[in-house]
Each structure stands twice: as structure tokens, then as C-alpha cells.
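Worksheet for the structure shown next.
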Amino acid sequence: MSETNQFNVAIVGATGAVGQKMIETLEDRNFPINELKLLSSSRSAGKKVTYKNKTYTLEEAKPESFDGVDITLFSAGGSISKQLAPEAVKRGAVVIDNTSAYRMDEQVPLVVPEVNEAAIEHHNGIIANPNCSTIQMVAALEPIKQAFGLKRVIVSTYQAVSGAGTIANDELREQSQAFLDGEDMKAEILPVKGDEHHYPIAFNALPQIDVFQENGYTFEEMKMINETKKIMSAPELPVAATCVRLPIFTSHAESVYVEIEKDGTSVEELKQALSSAPGIVLEDDPSNQAYPTPLNAAGKRDVFVGRIRKDLDDNLGFHLWVVSDNLLKGAAWNSVQIAERLIANKWI
Ligand code: NAP
Ligand code: 12T
């Protein structure tokens, strides 16, 4: 740390869908930066990016890139984090990692500040940022758990393409144009880059996000299940997930079913618990057709919750609709928020 309480910050993957939002978020939050280093692969090295009216040149990420760096935000894929995060830690940097590389590592805190900020203190150099779909769900589940207890969670997601990177955004745009022009749609990226089969996402719904596991769930579904238990310190909590990709550019939506513990809880009490929770905005007024949508949530840092209803058959069951910008709370903002908490608590 420099003498002025300013930090040397590096972003690995600065040209990506998440990396660009990291740069914007650091600027929006007026993050205390001394020197900023923007890192990418050799493909983008030499490109220029503006931050607070100053021009920065992208550099190829290498072990020596982290000399003198205090805080590094990684968002360039799991294999890059596996290779370079230990190099950054070795050089004294704290790593906030956006990939799935270290999330389930017992030595690594997996953090959503509204839920488990205190876990940050016990870091050993690496702090993991959870999966985007998990972050917005646990932000909404935590106040419910605190007030009424949680017995079960079942979620179905309606996820944006930007979670799969800038190439997935390009694919949705090109397929949409081709479809409207009456041409064939080319599918080369989604559902998963490098997987055997590809299907168009434009005007479609794909029930596969990330690769299939042996148990028939996709890796995205297993991330939601396992990460939720870890973040909420609830290893026994039953969680089931179905993850679906829709032709939306930004913001994931989720239909969440919860069974709570406290009998006799009303919808009003649930709304009250959510509206007073940090990072949550309640948007729930059926009489005025008020509810969250992906387009309205895009560009905002909050998690929006609406459509809260009591299950008609189970007295302990409730249904909610949870929407948030997958690149902000789901990735860049949650990472920057972890960095802010790290500094505010003097855990760096
Ligand atoms: P993206 O748009 O495809 O961007 C990838 C970034 O990684 C680019 O900046 C790219 O630089 C860089 N990169 C690629 N290979 C590299 C290398 N060998 N060395 C250094 N940098 C390299 O992807 P994205 O959507 O931003 O996602 C990036 C990663 O973040 C994903 O792989 C995923 O693990 C994670 N992610 C997490 C969440 C979440 O849920 N929290 C959400 C989305 C993504 P070039 O410009 O040089 O190619
Ligand atoms: N495959 O952070 O495709 O583990 O939307 C996030 C999003 C992985 C992750 C996606 C993915 C992650 C996606």
C-alpha cells in the first residue's frame, strides 16, 4: 500500500465482458487507486483503454505483471487463474477471483458481502467471487433465512448470454439479424464453447449452461447448489437448480421456491424482511404491474425481488422472482465490493 491509502490495482481479463464492467465499477465507486494495470492475453496487448480521462495500454498478463500490485481482480477464465493467481499472491497481492477455479477450495473464502463479509478476514491471499446466478439468489435468501429459517430451495434460472462472454453476445446479435433477414442461423459458441453440439440461442431457450456432470446436472446447476451451501454456511440445506439460457443480453432472472421454518409467516412479513435487507430492492406491486425485469435491472448494482407469493398447498412455501445484472452484482460489482470491504476492515 502506498502512503496515501491508495492501492496498486491490476485487472486480469480487462478486455472481457466482466473486465470492462470492473473498470467501469472502479471508476463509478471512485476506488482508491494509486496505479492501475490492465492485463489481457497477447491478443489485446497494446490496445488502449481510458480510465478517469487517462489512457492505459493493455499488457500481456505474466507472473512479473504482479510486482508491486496490492489487489488483483481476475476474470480471464479458470485456467488463467490457476496459473497466475498463485504468482500474484507470491508477490504480495490479494487476489479476488471471478472464476470457478478456487470457489470450493476450503482455504478460500467464497464471499457475497451482504451474506458473509466476515469470511473475508480469513483469506490466504485468494478470495473467490461466486457464480453470478448464485450471488443474486443468496442475497435474497439470506434475509429470509435470518428472519424465518430456511428448509429448502428450488430454483429455475432465466440467464443472459453475457455470462458466457463477449463472443456469446456477438453470437446472439448475429443470429437475431440472420433470423430477421430470413437467413440460416450459425451456432458455434452456445450452449458451451468447445462442447460437441451447438444450438441457436436467438428466439430459443437452452436448458444447458456450462458442461454436463455425471449426475445429469450441468456444472452451472452444481455451482448454484454447492456454492449456496458454502456461502450460507448451510451444508445440509437442500438446494435444487435448473439453469436455462435465454436470448437476453444482460441480467439473470430466477424463479425461486423457498420453504421456510417459521409457521404462520405472511407475505407481508417476507416483503418487510427483504425490503430492509442490504443490496435488495423490493419491486412488488401486482396492482400496478410492478415487478423486476432484466432490462430494468441492467446497469444497476442492486438485486431486485418481486412476485412474492405464498404457495397454495404448502403453508411454509413461498415463490419469488429475483433479477440482477449478471455482470455487476453477479461479477464486477461483487468483486469490487469485496475489495472495498477488505480495505474498510483493514484486512489487507
Ligand atoms: P470474455 O468476454 O471472453 O473475456 C475473456 C478475458 O480473458 C479477455 O480479457 C481476454 O483477453 C482474457 N484472456 C483470455 N485468455 C487469456 C490469457 N491467456 N491470459 C490473459 N488473459 C486472457 O469472458 P468474460 O465473460 O469476461 O469472463 C471471463 C471469466 O470470468 C470467465 O471465464 C469466467 O470464469 C468468469 N466469469 C464469472 C462470472 C461470475 O459468475 N462471477 C460471470 C462471467 C464470467 P483478450 O482480449 O486478450 O482475449
Ligand atoms: N459458464 O463464473 O456461461 O463459473 O454464463 C459464469 C457464467 C461460468 C462461472 C455462463 C459460466 C460462470 C457462465
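Values in this document were obtained by computation on a predicted structure and should not be read as measured data. Whatever order the structure lists them in is the order used to number ligands and atoms, beginning at 1.
- Atoms CG and SG, on L206 and C243 in that order, are 13.0 Å from each other to the nearest 0.5 Å.
- Scanning the protein for heavy atoms near atom 13 (N) of ligand 1, the closest one is A76 CB, 3.8 Å.
- Ligand 1 places these atoms under 4.0 Å from at least one heavy atom of R43: 14 (C), 15 (N), 47 (O), 48 (O).
- Atoms of ligand 1 lying under 4.0 Å from any heavy atom of T15, numbered from 1 in the order shown and given with element: 8 (C), 9 (O), 10 (C), 11 (O), 45 (P), 46 (O).
- Heavy-atom proximity to P130, at under 4.0 Å, picks out these atoms of ligand 1: 39 (C), 40 (O), 41 (N).
- Among all non-hydrogen protein atoms, the one lying nearest atom 37 (C) of ligand 1 is N98 O, 3.1 Å.
- Taking the six-membered ring where tryptophan is involved, the planes of H319 and Y257 are tilted, since the angle between them lies from 30° to 60°.
- With rounding to the nearest 0.5 angstrom, the CD1 atom of I189 is 12.5 Å from the CG atom of L172.
- For the pair I167/E171, no side-chain contact is recorded, criterion being any heavy-atom separation below 4.5 Å from C-beta on.
- Which of S162, G330, G78, S44 comes nearest to atom 45 (P) of ligand 1 through a heavy atom is settled by distance: it is S44.
- The shortest distance between side-chain heavy atoms of I338 and N129 falls below 4.5 Å.
- Relative to atom 27 (O) of ligand 1, the option among S75, A61, S81, G16 with the closest non-hydrogen atom is S75.
- For ligand 1, the atoms closer than 4.0 angstrom to any heavy atom of T166 are 2 (O).
- Residues V192 and H198 form no side-chain contact, since every pair of their non-hydrogen atoms from C-beta on lies 4.5 Å or further apart.
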Between the protein and ligand 2, are there any N or O atom pairs that come within less than 3.5 Å of each other, and if so, what are their names and distances?
unit_1: ligand 2; atom_1: 1 (N); unit_2: D210; atom_2: OD2; d: 3.3
unit_1: ligand 2; atom_1: 2 (O); unit_2: R103; atom_2: NH2; d: 2.6
unit_1: ligand 2; atom_1: 3 (O); unit_2: R245; atom_2: NH2; d: 2.8
unit_1: ligand 2; atom_1: 4 (O); unit_2: R103; atom_2: NH1; d: 3.0
unit_1: ligand 2; atom_1: 4 (O); unit_2: K223; atom_2: NZ; d: 2.7
unit_1: ligand 2; atom_1: 5 (O); unit_2: G163; atom_2: O; d: 3.4
unit_1: ligand 2; atom_1: 5 (O); unit_2: R245; atom_2: NH1; d: 2.8
unit_1: ligand 2; atom_1: 5 (O); unit_2: R245; atom_2: NH2; d: 3.3

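- Residue contacts with ligand 1: A331 is placed with no nitrogen or oxygen under 3.5 Å of a nitrogen or oxygen of the ligand (distance criterion only).
- In terms of protein heavy-atom proximity, atom 23 (O) of ligand 1 is closest to G165 CA, 3.8 Å.
- For the pair R245 and Y199, the cation-pi criterion (under 6.0 Å, within 45° of the ring axis) is not fulfilled.
- Look at I167 and you'll find every heavy atom at least 4.0 Å from all atoms of ligand 1.
- In summary, the atoms of ligand 1 found under 4.0 Å from a heavy atom of G13, numbered by their order in the structure, are 6 (C), 7 (O), 9 (O), 12 (C).
- Evaluated by nearest non-hydrogen atom to atom 20 (C) of ligand 1, the leading choice among S40, A168, A128, G77 is S40.
- If you check which protein heavy atom lies closest to atom 40 (O) of ligand 1, you get C132 N, 2.5 Å.
- How far CD1 of I11 is from CD1 of I23: 4.5 Å, rounded to the nearest 0.5 Å.
- The atoms of ligand 1 that sit less than 4.0 Å from any heavy atom of N129 are 41 (N).
- Backbone and side-chain nitrogen or oxygen atoms of S41 are examined, and one is located within less than 3.5 angstrom of a nitrogen or oxygen of ligand 1.
- For atom 2 (O) of ligand 1, the closest non-hydrogen atom on the protein side is A17 N, 2.9 Å.
- Among the atoms of V18, some N or O lies under 3.5 angstrom from an N or O of ligand 1.
- If you number the atoms of ligand 1 from 1 as listed, the ones under 4.0 Å from a heavy atom of T99 come out as 34 (O).
- One side chain, N131 or E220, offers a donor N or O that lies under 3.5 Å from an acceptor on the other.
- Within the listing of ligand 1, atoms 9 (O) sit less than 4.0 angstrom from a heavy atom of A14.
- Side-chain contact between W333 and S324 is absent, with no heavy-atom pair separated by less than 4.5 Å.
- Under 3.5 Å, the side chains of T250 and D325 contain no donor-acceptor pair of N or O atoms.
- Counted by atom type alone, N204 and Q175 present zero donor-acceptor pairs between their side chains at under 3.5 Å.
- Judged by distance alone, the side chains of S133 and Q159 do bring a donor and an acceptor atom under 3.5 Å apart.
- If you look at I80 next to ligand 1, the close heavy atoms, those under 4.0 Å, all belong to the side chain.
- Of the N and O atoms on the side chains of Q146 and E142, at least one donor lies less than 3.5 Å from an acceptor on the other residue.
- When side chains are defined from C-beta on, S100 counts as touching R103, because their heavy atoms get closer than 4.5 Å.
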Worked verdict on R341 versus E117 for salt bridge (charged side-chain N to carboxylate O under 4.0 Å, His left out): CA-CA 7 Å; R341 302 322 302 161; E117 172 176 339; 3.1 Å; yes
